[in-house]
Student: 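Below you'll find the structure I mean.
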Amino acid sequence: MAALADVVQLPTRSSIGSAPPVRTIGRTVSYANRRINSTFEALTSAANEGVRAASRRVTEEPAGATDDWGRDPVLVRNMMLFAQLRWAVSTGGDQHLPKRRGALVVVNSPRLSNSAVFTAFAISEAVDRPVRFVGRRKLAPLAAFDRRIGGLLNDPDEIAGALRASEIVVLEAATVSGLRSVGAIDHTVIGAALATSTRVFPAATTSSPVSRRARVEIGPATRPPRKRRGPLTELELADKVQADVHDLLTEMGELNTGTAFDWLPITGIGGR
């Protein structure tokens with residue numbers, strides 16, 4: 001009680017009739033406000049520094065942290081663990097993929113989706129190998145982030161280099177709005193697979209809007225309908241892969257696709 005009287009300066013008998021201690025109370029409140037503002041500024045500064053540090057870890061490359069194409073396995077693992085909070089992904093057909101050689105996996109791409117990243121993460125988990133995807137974005141911060149999670153430029157020469165080095169690469173078909181539709185496939189990337197004698201595998205992704213279920217299904221390697229030596233080979237093979245992906249989607253008809261919010265680029269998981 002004595003301490004409270006010291007701070008607030010309660011009136012005593014000798015001070016009755018004098019002015020109330022408004023000035024003293026005002027100084028105490030002002031001091032408390034300054035302490036609160038100072039603490040808030042310190043917390044805000046620490047939070048901003050934490051965000052900047054996290055951004056530096058994502059966009060910068062510590063020595064030895066990435067592979068020859070800039071993929072950071074620690075960052076990929078953390079993103080996969082984060083994505084598993086929303087999705088329980090099952091992967092089928094991974095036994096079709098080669099154990100050590102390269103492979104090109106072509107997957108459907110619903111609108112507002114990022115199925116290449118989703119499929120790359122799922123296959124990497126299933127086969128315990130680094131898996132890359134085609135479609136690294138061009139804006140500087142996003143490009144650096146995509147590279148760190150396995151993104152390759154949509155450049156046949158870069159893709160051919162990865163396939164020649166026995167890497168698994170995921171390619172999205174063109175984006176479409178239909179639930180069971182498959183867009184056109186970039187025949188120049190198919191040509192990179194042919195030039196490196198790499199097999200091409202169709203894949204389909206689906207997910208449920210009311211549960212954590214999601215699935216990636218990989219089919220057997222697609223064979224060209226006929227043997228050619230000219231440029232028509234890659235065009236015909238692209239059309240055949242498109243048809244095979246459509247067949248996989250038809251077989252997976254028991255799963256409905258998810259909502260657009262489940263296809264946030266930061267996770268790469270889900271479907272619309």
Side-chain angles (χ1 to χ4, degrees), residues 66-71 73 76 91 93-109 114-124 126-138 143 146-176 182-205 216-249:
T66 60
D67 60 20
D68 293 342
W69 281 270
R71 182 180 184 271
V76 171
T91 303
D94 52 286
Q95 72 276 6
H96 296 306
L97 298 175
K99 299 296 184 182
R100 295 180 178 84
R101 297 188 62 186
L104 179 64
V105 180
V106 181
V107 67
N108 59 302
S109 177
N114 207 351
S115 58
V117 181
F118 167 45
T119 303
F121 285 177
I123 294 176
S124 180
V127 303
D128 194 24
R129 289 181 57 184
V131 178
R132 310 182 194 281
F133 62 91
V134 179
R136 196 170 84 204
R137 288 166 288 189
K138 296 181 179 180
D146 287 347
R147 176 165 44 80
R148 296 293 291 268
I149 62 174
L152 299 175
L153 293 173
N154 192 2
D155 178 2
D157 291 337
E158 178 164 305
I159 297 166
L163 296 175
R164 196 175 288 111
S166 300
E167 299 291 332
I168 298 178
V169 178
V170 176
L171 170 70
E172 278 184 337
T175 300
V176 292
V182 182
I185 296 169
D186 188 346
H187 67 89
T188 63
V189 178
I190 299 295
L194 290 173
T196 56
S197 300
T198 301
R199 289 186 292 172
V200 182
F201 297 83
T205 64
V216 173
E217 186 68 31
I218 306 166
T222 300
R223 298 182 179 276
R226 68 189 74 181
K227 291 185 178 180
R228 294 180 182 271
R229 294 185 178 181
L232 285 179
T233 303
E234 62 187 53
L235 293 171
E236 291 180 346
L237 181 56
D239 291 340
K240 184 65 166 59
V241 173
Q242 183 180 12
D244 288 347
V245 174
H246 181 270
D247 290 343
L248 287 174
L249 283 172

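Values reported hereafter were calculated over all heavy atoms of this structure, with side chains retained and with hydrogens, waters and symmetry mates removed. All residue numbers in this chain count up from 1 along the given sequence.
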Student: According to salt bridge (charged side-chain N to carboxylate O under 4.0 Å, His left out), who are the partners of D67, at least two apart in sequence or on a separate chain?
Tutor: R132
Student: Can you name the residues that form a side-chain contact (heavy atoms from CB on, under 4.5 Å) with P73, not counting sequence neighbours?
Tutor: R71
Student: Atom CZ in R137, atom CG in D146: separation rounded to 0.5 Å?
Tutor: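 Spacing of CZ (R137) from CG (D146) equals 4.0 Å.
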Student: Using a 4.5 Å cut-off on heavy atoms from C-beta on, say whether the side chain of P202 contacts that of V106.
Tutor: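 SC-SC contact between V106 and P202 ruled out.
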Student: Only counting residues at least two apart or in another chain, list the ones meeting side-chain hydrogen bond (donor to acceptor under 3.5 Å, both in side chains) with T233.
Tutor: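 T233 satisfies side-chain hydrogen bond (donor to acceptor under 3.5 Å, both in side chains) with no other residue.
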Student: side-chain contact (heavy atoms from CB on, under 4.5 Å) with A162: which residues, sequence neighbours excluded?
Tutor: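 A162 satisfies side-chain contact (heavy atoms from CB on, under 4.5 Å) with W69, L152, E167, V169 once adjacent residues are dropped.
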Student: Tell me every residue that passes side-chain hydrogen bond (donor to acceptor under 3.5 Å, both in side chains) with T222, counting only those two or more places apart in sequence or in another chain.
Tutor: D244
Student: Measure the spacing between OG1 of T188 and CD1 of I159 and express it to the nearest 0.5 Å.
Tutor: 7.0 Å
Student: Just jot down the side-chain hydrogen bond (donor to acceptor under 3.5 Å, both in side chains) partners of D94, sequence neighbours excluded, or say none.
Tutor: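 Counting only residues at least two positions away or on another chain, D94 forms no side-chain hydrogen bond (donor to acceptor under 3.5 Å, both in side chains).
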Student: Going by heavy atoms in the side chains, are T205 and N108 under 4.5 Å from each other?
Tutor: yes
Student: About how many Å separate CZ of F201 and CD1 of I168, when rounded to the nearest 0.5 Å?
Tutor: 8.5 Å
Student: Any side-chain to backbone donor/acceptor pair from R129 onto K99? Under 3.5 Å, distance only.
Tutor: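 Judged by distance alone, yes, a pair lies under 3.5 Å.
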Student: Identify, with sequence neighbours excluded, every residue that meets side-chain hydrogen bond (donor to acceptor under 3.5 Å, both in side chains) alongside H246.
Tutor: none
Student: Under the side chain to side chain donor-acceptor pair (under 3.5 Å) definition, can you give me all pairs with a residue in residues 151-163, not counting sequence neighbours?
Tutor: none
Student: Could I get the full list of salt bridge (charged side-chain N to carboxylate O under 4.0 Å, His left out) partners for E217, not counting sequence neighbours?
Tutor: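 Expected list: R215.
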Student: Among all residues two or more places apart in sequence or in another chain, which pass the side-chain contact (heavy atoms from CB on, under 4.5 Å) test with R164?
Tutor: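 Partners of R164 under the side-chain contact (heavy atoms from CB on, under 4.5 Å) test: A160, T196.
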Student: Roughly how far apart are Q242 CD and D247 CG, rounded to 0.5 Å?
Tutor: 11.0 Å
Student: What residues, two or more places apart in sequence or in another chain, satisfy side-chain contact (heavy atoms from CB on, under 4.5 Å) together with R223?
Tutor: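 For R223 there are no side-chain contact (heavy atoms from CB on, under 4.5 Å) partners, ignoring immediate neighbours.
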Student: Between atom CZ of R147 and atom CG of L153, what is the distance when rounded to the nearest 0.5 Å?
Tutor: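 The CG atom of L153 is 9.5 Å from CZ of R147, to the nearest 0.5 Å.
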Student: Using the salt bridge (charged side-chain N to carboxylate O under 4.0 Å, His left out) criterion, which residues pair with D186? Sequence neighbours excluded.
Tutor: none
